[in-house]
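Residue indices begin at 1 and follow the sequence shown.
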Amino acid sequence: MSDSPVVIVGAGHAGFTLALMLRARGWEGGVVLVSDEDELPYQRPPLSKEYLHAGQDEDETRFRPASFYAEQRIELVLGARVVDIDRAGRNVVFADGTRRSFAHLVLASGARARELRVRGHDADGVVSLRTRHEAVDLRARLDAARSVAVVGGGFIGLEVAAASAELGLRVTVLEAQPRLMARSLSHVMADHLLALQRRAGVDVRLASVVDAIATEGGRVTGVLTREPDTVPADIVVVGIGAVPNDELAASCGLPVRDGVLVDAQLLTADPAISAIGDCARFPGPELDGAGYRLESVQNATDQARYVADRLINGSTQPYWAVPWFWTEQFGQKLQIAGLATGYDELRTERARDDKFSVYCSRGGTLLACESINAPGDHLRARKALAAAFTGSGG
């Protein structure tokens with residue numbers, strides 16, 4: 001490999017972990033970590049959990065202090081946006097026109113919040129939660145608000161709803177589907193989260209489609225739904241999913257499809273460029289051949305470790321790791337191992353109402369385990385899923 005460095009575009013969990021692992025595992029070449037944000041790399045999961053509850057100090061969300069990057073010989077480039085990739089010349093081009101050569105380029109550009117495209121979506125008080133800056137803004141708004149409308153009943157939406165309710169605000173969740181998290185949870189667990197939110201006083205409305213944001217003087221006053229109905233709100237939090245930041249890859253001719261397409265070694269169509277984390281769509285043991293694009297810390301971290309090993313050791317083993325996710329709401333922790341999509345059988349093992357697991361299977365094969373306050377079940381399921389994949393020879 002040349003004297004040029006490994007350049008990592010994106011300093012979230014995937015990008016930071018890759019830089020860390022390269023140094024920890026003996027990479028002696030240059031490492032450049034590029035972030036389009038102007039602050040030290042930080043953790044995102046606490047932003048919709050601990051931060052909204054207690055307003056964590058900025059230092060608590062950072063991966064490492066500034067001194068760490070100098071000590072580890074990681075060149076940290078902040079507030080810099082890469083706008084083009086010169087694949088032939090092996091350069092990235094920044095918005096200010098400067099270039100940086102690379103021996104290997106890793107796209108860890110993450111994803112951004114999906115926008116709510118209705119009238120009034122740009123009013124003051126309509127917010128998303130993806131960055132620390134957005135979390136700081138939302139926390140300040142919550143302190144001054146009386147009511148919150150959350151559009152979207154996914155993980156982030158429900159976590160924001162829980163935090164807002166515990167702060168004493170009137171909270172309404174508007175979910176367009178007939179149940180919560182219809183594409184990622186079993187109906188048993190979705191029903192449990194619905195009941196949990198409603199018991200805590202959150203007004204969860206299913207099959208509720210937003211038509212417009214009500215405003216007065218440019219500020220939010222509520223949400224207009226198709227029922228029709230008006231939900232009064234001082235803040236509207238939009239949590240309707242995420243869009244992968246794959247435009248940079250597409251602009252230089254790399255294939256994308258709701259994410260940067262990579263092979264079993266997490267390489268793009270260009271062998272000098274990898275993609276990892278929320279922005280990458282990778283193959284796996286699925287039945288429909290669509291591949292996976294997973295938005296989780298586990299996926300970002302595991303893929304970063306894999307690419308670090310591949311760059312250092314030249315490993316050609318295909319990448320796969322058992323996906324797992326977690327959320328915490330009103331003191332109950334949900335942990336998910338595997339992917340429940342396509343299940344045809346459910347089995348519930350219950351110790352009590354707030355401690356149980358749902359096992360999702362297809363054709364007798366375990367796909368996923370969803371556990372409430374049952375970490376032992378979660379860990380056993382992860383091991384079983386990993387063993388099944390390894391045993392299949394995939």
Side-chain angles (χ1 to χ4, degrees), residues 13-14 17 21 45 154-155 180-193 242 258-259 262-266 275-278 280-310 315-329 332-351 354-394:
H13 275 272
T17 302
M21 288 295 101
F155 279 149
L180 297 175
M181 303 181 68
R183 289 177 292 183
S184 54
L185 280 185
S186 70
H187 66 83
V188 173
M189 193 57 69
D191 288 347
H192 176 80
L193 293 185
D258 184 39
V262 296
D263 64 14
Q265 283 76 46
L266 305 183
I276 59 175
D278 292 8
R281 179 168 293 278
F282 61 99
E286 75 286 346
L287 294 181
D288 60 8
Y292 301 90
R293 189 179 69 79
L294 302 178
E295 298 168 14
S296 73
V297 170
Q298 167 270 327
N299 179 65
T301 301
D302 284 346
Q303 291 190 345
R305 291 175 183 273
Y306 174 89
V307 170
D309 280 342
R310 194 194 71 219
S315 172
T316 58
Q317 283 291 108
Y319 170 80
W320 177 251
V322 174
W324 58 269
F325 315 83
W326 71 279
T327 181
E328 193 160 1
Q329 300 165 31
Q332 293 195 18
K333 187 169 185 176
L334 166 61
Q335 294 173 290
I336 305 167
L339 299 170
T341 306
Y343 69 84
D344 58 20
E345 180 185 353
L346 295 177
R347 176 172 58 87
T348 302
E349 293 186 359
R350 188 181 300 272
D354 64 348
K355 184 177 181 179
F356 67 95
S357 293
V358 179
Y359 296 87
C360 309
S361 302
R362 179 174 58 216
T365 299
L366 179 66
L367 297 179
C369 173
E370 305 164 343
S371 301
I372 288 286
N373 295 335
D377 290 353
H378 173 72
L379 290 174
R380 283 188 291 272
R382 277 168 56 181
K383 290 179 180 178
L385 289 165
F389 174 71
T390 303
S392 72

Any side-chain heavy atom of [X] within less than 4.5 Å of one from [Y]?
{"X": "Lys333", "Y": "Pro375", "answer": "no"}
{"X": "Leu185", "Y": "Val358", "answer": "no"}
{"X": "Val297", "Y": "Trp326", "answer": "no"}
{"X": "Phe282", "Y": "Leu294", "answer": "yes"}
{"X": "Thr341", "Y": "Leu367", "answer": "no"}
{"X": "Val262", "Y": "Tyr319", "answer": "no"}

Please name the pair of heavy atoms, one in [X] and one in [Y], separated by the smallest distance, quoted to 0.1 Å.
{"X": "Pro283", "Y": "Ala264", "result": "CG-N, 3.7 Å"}
{"X": "His187", "Y": "Tyr343", "result": "N-OH, 3.3 Å"}
{"X": "Asp377", "Y": "Ser371", "result": "CB-OG, 3.7 Å"}
{"X": "Ala374", "Y": "Lys355", "result": "CB-CG, 4.3 Å"}
{"X": "His13", "Y": "Ala300", "result": "CB-CB, 4.0 Å"}
{"X": "Arg362", "Y": "Gly342", "result": "CD-O, 3.2 Å"}

Spell out, as yes or no, whether a donor-acceptor pair under 3.5 Å connects the side chain of [X] to the backbone of [Y].
{"X": "Glu370", "Y": "Ser186", "value": "yes"}
{"X": "Gln298", "Y": "Trp324", "value": "yes"}
{"X": "Asn299", "Y": "Asp278", "value": "no"}

Checking side-chain contact (heavy atoms from CB on, under 4.5 Å) for the pair Met181/Phe155: CA distance, chi angles, key distance, verdict?
CA-CA 8 Å; Met181 303 181 68; Phe155 279 149; 3.2 Å; yes
From [X] atom [atom1] to [Y] atom [atom2], the distance as rounded to the nearest 0.5 Å:
{"X": "Glu345", "Y": "Tyr359", "atom1": "CD", "atom2": "OH", "result": "13.0 Å"}
{"X": "Phe356", "Y": "Met189", "atom1": "CZ", "atom2": "CE", "result": "4.0 Å"}
{"X": "Gln303", "Y": "Ser296", "atom1": "CD", "atom2": "OG", "result": "8.5 Å"}
{"X": "Trp320", "Y": "Asp302", "atom1": "CH2", "atom2": "CG", "result": "10.5 Å"}
{"X": "Ser357", "Y": "Ile372", "atom1": "OG", "atom2": "CD1", "result": "8.5 Å"}
{"X": "Asn373", "Y": "His378", "atom1": "CG", "atom2": "NE2", "result": "13.0 Å"}

Tell me every residue that passes side chain to side chain donor-acceptor pair (under 3.5 Å) with Gln329, counting only those two or more places apart in sequence or in another chain.
Gln197, Thr327
Is there a side-chain contact (heavy atoms from CB on, under 4.5 Å) between Arg310 and Leu266? Walk through the geometry before answering.
CA-CA 10 Å; Arg310 194 194 71 219; Leu266 305 183; 4.2 Å; yes
Flag if over 12 foreign heavy atoms under 6.0 Å of CD, Gln317
no
